Each structure stands twice: as C-alpha cells, then as structure tokens.
Protein chains: 2
Amino acid sequence: MNKNDLRVVKTKQNLHVALTKLLKIKPLSQIKVTELCLKAKINRGTFYFHYQEVGDVFKEFFEEIMVDLKESYDEPYRHTDILDVEHLDPKTVRIFHHIKKYEDFYNIILSHEVSTEYYYMLFDEIRKICIEDKNAVPTGKPNEYLYSYSANAILGLIIEWYRHDFQESADEMNVHLVNILNRKI
Amino acid sequence: MNKNDLRVVKTKQNLHVALTKLLKIKPLSQIKVTELCLKAKINRGTFYFHYQEVGDVFKEFFEEIMVDLKESYDEPYRHTDILDVEHLDPKTVRIFHHIKKYEDFYNIILSHEVSTEYYYMLFDEIRKICIEDKNAVPTGKPNEYLYSYSANAILGLIIEWYRHDFQESADEMNVHLVNILNRKI
DNA sequence: TATTTTATTGAACAATTGTACAATAAAATC
DNA sequence: GATTTTATTGTACAATTGTTCAATAAAATA
C-alpha cells in the first residue's frame with residue numbers, strides 16, 4: 001500500500017470529507033462503516049483495506065491537528081497583551097488558543113463515548129511541550145513523573161473548560177492557569 | 001425492572017463472574033455480547049434488557065471500586081511510617097494504595113482501547129476528594145478550575161505509573177507526589 | 001505508449017448486533 | 001398456598017460487521 005498513490009490519496013480524501021459531514025449530524029460512536037463508505041462513495045472492502053474502524057479515520061484527522069499544535073509552538077506568540085506573564089513562559093499558554101481553534105474536534109475527543117486513544121495522543125503532545133518548555137513546569141531537577149503531572153494538570157483545566165462548553169475565552173483560561181501557578185503549593 | 005429481584009441479582013452475578021473470567025483471557029474491547037452471555041449462561045435478550053454493551057457490565061464493577069475508593073477515605077490511615085507528610089494531608093496519598101489494590105482493573109481503565117467514560121469516573125472521584133480534602137490542593141480561595149487541575153495532575157502521576165507497569169510501590173509514588181508538591185512553582 | 005503493478009470493486013459469506021414479541025418460569029405479594 | 005407481577009427465554013428478523021477473492025480499472029514505471 002503506497003501512501004502517495006493517487007488512488008489512495010483520493011480514497012482517504014473522500015473518507016475525510018464524508019466523516020466531517022457526518023460528524024456535524026451525529027456523534028462519532030454512531031457512525032457506521034457502511035454509512036461512511038456510502039457517503040464517501042468508496043467500497044466497504046476498500047475501507048477495510050486501509051482501516052479497521054471509523055475511529056481510525058478520525059484519528060488521521062487528529063494527527064493533523066497534533067501537527068498544528070506542535071507547529072504553533074514554533075511561531076512567535078501574539079497574545080501577550082492581556083496577561084501578566086511574568087512568571088510564565090508565553091509558549092505554555094498558547095495551548096488554550098489552539099484548543100479554541102479546534103473546539104469542534106476537542107468536543108469529540110473529550111466526550112465520554114470515544115476511546116481514550118485520542119486523550120493519550122493529546123497528553124503525549126502536551127507532555128512533549130512541557131519537556132521542551134522548561135518554564136511550563138516547576139523548577140528543580142525534572143523527571144518523568146513531574147512531566148506527566150504537569151501535562152495532565154493542564155489537561156485538567158481543559159477538561160473543566162470543556163465541561164463549561166468552552167465558554168471562557170482562551171485568554172481567560174490563561175488567567176486561570178497563571179492564578180494557579182502563582183500559588184505556593 | 002427491580003434491582004432486588006432475585007432473578008436480576010442472579011443474572012448480574014453470572015455476568016460479573018463471566019466477565020471476570022473473560023478479562024483474564026482477552027481485552028474488554030474484544031469481548032462480544034454473544035460470547036459473554038454464552039459464558040454467563042443467560043439469554044442474549046436478557047442482556048439487552050439490562051445493558052446496552054459489554055462495557056456497561058464492566059462499568060458496574062468499576063462503580064463498586066469507586067465506592068471502595070470513597071470509603072477508604074473514611075478509615076484511619078496506616079501508611080505514615082515512610083513518608084514525610086509534613087506538608088501533606090495523609091489522606092491525599094492514599095489514592096496510590098487504592099490503585100495498587102485494584103491494579104488489574106486500572107490496567108484496563110487506563111488502556112488505550114477503552115472508552116473515556118471510566119477515566120472520567122475516576123477523575124470525578126479524585127476531584128471530589130480534592131474538594132473535601134483541602135490540603136490536597138494549593139492554598140488560597142479555590143475554584144472549579146483549581147480542583148480539576150489538581151485532580152488531573154494526580155491522575156497524570158497515575159498514568160505515568162501505569163506506563164511503568166505499576167512497578168513502583170504505592171509509597172514510592174507518595175514520595176514522587178511529595179517531591180512535586182514541595183517545589184515552588 | 002506499452003507494460004507492470006496494485007488499489008479498488010463487487011459479490012458472497014458467516015458472525016454479530018440490536019430489536020421485538022409471545023410463551024414461560026420464577027419471584028414477589030397477597 | 002394461590003395469585004399477580006415481571007424477568008427470562010426462545011425465536012425470528014434486518015442490519016452491520018469483518019473477511020475473502022477474482023475481476024477490473026487506475027496509477028506508476030519503463
């Protein structure tokens with residue numbers, strides 16, 4: 001199976017478009033393989049040639065979003081006008097803007113009925129950022145546990161945000177984070 | 001449907017026993033309804049009268065474990081011999097002993113192929129503990145975000161522990177937590 | 001352009017799912 | 001113990017899943 005073969009590219013593209021359309025109507029867990037293939041106008045056999053379940057197509061999407069998250073940390077940051085970032089590397093707090101940008105996707109990823117796989121993908125990505133961005137994490141000699149602690153703590157904020165239907169702005173979320181980090185534990 | 005009806009009790013008991021047996025052979029995601037009913041010697045129709053999917057039976061299990069977690073916080077704590085708990089309420093760190101006790105279950109809950117539902121059940125339970133146990137959380141006026149931050153941070157440690165195949169002892173995990181909490185962020 | 005490679009198709013298949021319902025058996029209630 | 005209630009069973013059914021395979025069509029390569 002050659003990923004660059006035009007036929008493969010077309011098939012995947014069709015599935016991506018079809019899935020996006022279906023996700024606007026119904027939750028991921030309710031989308032059947034048959035249904036997706038019908039909408040994408042590809043054969044069910046072709047689907048099983050590339051994937052195992054509908055979630056795998058969604059996972060491909062999410063991998064692209066994870067690339068965006070990663071890449072967004074290489075650009076200069078332009079949201080420093082509101083925050084007191086004295087004790088905080090601005091890079092850290094860009095996560096919330098990214099989440100807001102892909103709000104629709106994170107509503108799926110954080111919903112109850114999906115596999116934990118997506119959560120772990122997000123966790124690993126944020127964890128990597130914590131490792132690279134030393135200021136995102138308490139000082140002192142770091143270890144595996146500290147990184148997982150810090151990364152998942154931020155994810156805790158995101159879960160709470162999700163439960164508030166992402167009503168707060170990304171900048172307000174930054175304020176929450178700064179407030180928490182400025183306490184002495 | 002009367003939960004106390006002996007027939008119901010028997011049916012559920014049979015399903016519980018059957019699921020426990022099957023979980024020793026294969027992951028939760030691979031256990032079919034048909035298979036479970038065959039093992040439990042109950043009719044498939046009966047299954048669908050009580051549940052929607054195999055995961056629902058597992059969820060019943062997990063609810064019992066959540067009760068144990070909750071209850072364990074009402075008993076006196078007996079593991080204070082190793083730790084310096086000067087800056088830490090001993091209650092907080094009892095979570096790791098509970099996890100170790102039900103290691104087999106948490107291996108399932110934290111695995112990649114299951115629904116996030118179980119993760120959220122655990123999150124909510126630890127979050128409640130954080131609310132009740134003020135010392136588990138940084139000082140200052142608390143809010144929803146702080147509790148979610150703290151609860152999920154502890155879950156971050158548990159995820160890391162899970163990825164280490166729970167090799168560390170519960171007391172060693174307590175040391176990790178104390179080390180992290182004693183830093184100034 | 002001709003040839004080779006291979007992704008896609010369509011069709012068939014058994015297995016599983018999810019639902020429905022009347023008949024039955026087991027428990028609760030009197 | 002007799003009656004009522006209802007959980008369970010067996011059966012049937014359509015829909016979906018997951019797999020297989022030869023035929024085909026589309027792309028890559030020479």
Side-chain angles (χ1 to χ4, degrees), chain A residues 1-61 63 108 111-115 117-118, chain B residues 1-61 63 108 111-115 117-118:
Chain A
M1 202 262 293
N2 180 9
K3 242 195 154 187
N4 298 319
D5 192 315
L6 273 184
R7 292 170 292 186
V8 176
V9 174
K10 280 179 194 170
T11 296
K12 296 207 167 201
Q13 209 165 45
N14 288 338
L15 281 169
H16 283 198
V17 172
L19 184 57
T20 311
K21 283 179 187 167
L22 286 173
L23 280 174
K24 284 173 187 162
I25 310 170
K26 53 177 79 180
L28 182 63
S29 55
Q30 278 177 34
I31 299 170
K32 308 287 178 193
V33 173
T34 308
E35 194 180 6
L36 181 64
C37 293
L38 205 73
K39 194 115 190 165
K41 293 195 179 89
I42 63 134
N43 191 273
R44 218 157 47 80
T46 309
F47 176 90
Y48 283 110
F49 183 70
H50 292 292
Y51 309 96
Q52 305 235 15
E53 50 182 28
V54 176
D56 293 336
V57 184
F58 183 76
K59 204 172 148 189
E60 252 177 3
F61 267 133
E63 268 159 10
I108 296 167
S111 69
H112 278 236
E113 65 268 7
V114 303
S115 144
E117 198 149 23
Y118 313 121
Chain B
M1 201 262 293
N2 179 10
K3 242 193 154 187
N4 298 319
D5 190 316
L6 273 184
R7 290 170 293 185
V8 176
V9 173
K10 280 179 194 169
T11 296
K12 296 206 166 203
Q13 209 165 46
N14 287 338
L15 281 169
H16 283 198
V17 172
L19 183 58
T20 312
K21 282 180 187 168
L22 286 173
L23 280 173
K24 283 173 187 162
I25 310 169
K26 54 177 79 179
L28 183 61
S29 55
Q30 277 178 34
I31 299 169
K32 308 288 177 194
V33 173
T34 308
E35 193 181 7
L36 182 63
C37 292
L38 205 72
K39 195 115 190 164
K41 291 193 181 92
I42 62 133
N43 192 274
R44 216 159 48 82
T46 309
F47 176 91
Y48 283 110
F49 184 69
H50 291 292
Y51 309 95
Q52 304 234 17
E53 49 182 27
V54 177
D56 295 335
V57 183
F58 183 75
K59 204 171 150 191
E60 250 176 5
F61 266 132
E63 269 159 10
I108 296 167
S111 69
H112 278 235
E113 67 267 6
V114 302
S115 144
E117 196 150 24
Y118 313 121

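Keep in mind it's a predicted model, so treat the numbers as computed, not measured. A, B, ... follow the sequence lines: proteins, then strands. Residue 1 opens every chain.
The shortest distance between the side-chain N/O atoms of Tyr48(A) and the OP1/OP2 oxygens of dT19(D) is not below 4.0 Å. One finds a side-chain N or O of Thr46(B) lying less than 4.0 angstrom from the OP1 or OP2 phosphate oxygen of dT9(D). Neither OP1 nor OP2 of dA15(C) sits under 4.0 Å from any side-chain N or O of Thr34(B). Remark: Thr11(B) is in phosphate contact with dT8(D), judged by side-chain N or O atoms under 4.0 Å from OP1 or OP2. The phosphate of dA27(D) (OP1 or OP2) has a side-chain N or O of Lys10(A) nearer than 4.0 angstrom. Within the 4.0 Å cut-off from OP1 or OP2 of dT8(D), at least one side-chain nitrogen or oxygen of His50(B) is found.
Among all heavy-atom pairs drawn from Phe47(B) and Val57(B), the shortest one is CE1-CG2, 3.8 Å. Of all heavy-atom pairs spanning Val8(B) and Lys3(B), the tightest one is CG1-O, 4.2 Å.
Counting atom types as modelled, Arg7(B) pairs a side-chain N or O with a base atom of dT6(D) as donor and acceptor under 3.5 Å. With hydrogens and angles ignored, no donor-acceptor pair closer than 3.5 Å exists between the side chain of Arg44(A) and the base of dG10(C).
Checking dA27(C), dT17(C), dA28(D) against the side-chain heavy atoms of Val33(B) singles out dT17(C) as nearest. For Val8(A), whose side chain is taken as the heavy atoms from C-beta onward, the closest listed nucleotide among dA7(D), dT16(D), dT8(C) is dT8(C). Considering only side-chain atoms of Asn2(B), the nucleotide from dA27(C), dA7(D), dT17(C) that sits closest is dA7(D). Which of dA7(D), dT9(C), dT17(D) sits closest to the side chain of Asn43(A) comes down to dT9(C).
Between Ile42(B) atom CD1 and dG10(D) atom P there is a gap of 11 Å when expressed in whole angstrom units. Protein atom CG of Asn4(A) is 14 Å distant from nucleotide atom P of dA27(D), rounded to whole Å. We find that CD of Gln30(A) is positioned 15 Å from C1' of dT17(C), with the value rounded to whole Å. Atom-to-atom, OH of Tyr51(A) to P of dT19(D) comes out at 16 Å; the value is rounded to the nearest Å. Put simply, CG on Leu6(B) is 6 Å from P on dA27(C), counting in whole angstrom units. Phe47(A) has its CZ atom 21 Å from the P atom of dA11(C), to the nearest Å. Rounded to whole Å, the distance from CE on Met1(A) to C1' on dT8(C) is 13 Å. Rounded to a whole Å, the CG atom of Leu38(B) is 13 Å from the P atom of dT9(D).
Remark: the backbone N or O of Thr11(A) is not paired with any side-chain donor or acceptor of Asn14(A) at under 3.5 angstrom.
Residue pairs meeting the salt bridge (charged side-chain N to carboxylate O under 4.0 Å, His left out) criterion with at least one member in residues 16-45 of chain B, sequence neighbours excluded: Lys26(B)-Glu35(B).
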Requested in this report: Start with the C-alpha gap between Tyr51(B) and Val33(B), add the side-chain angles, then the distance that decides, and say whether side-chain contact (heavy atoms from CB on, under 4.5 Å) holds.
Outcome: CA-CA 10 Å; Tyr51(B) 309 95; Val33(B) 173; over 6 Å; no
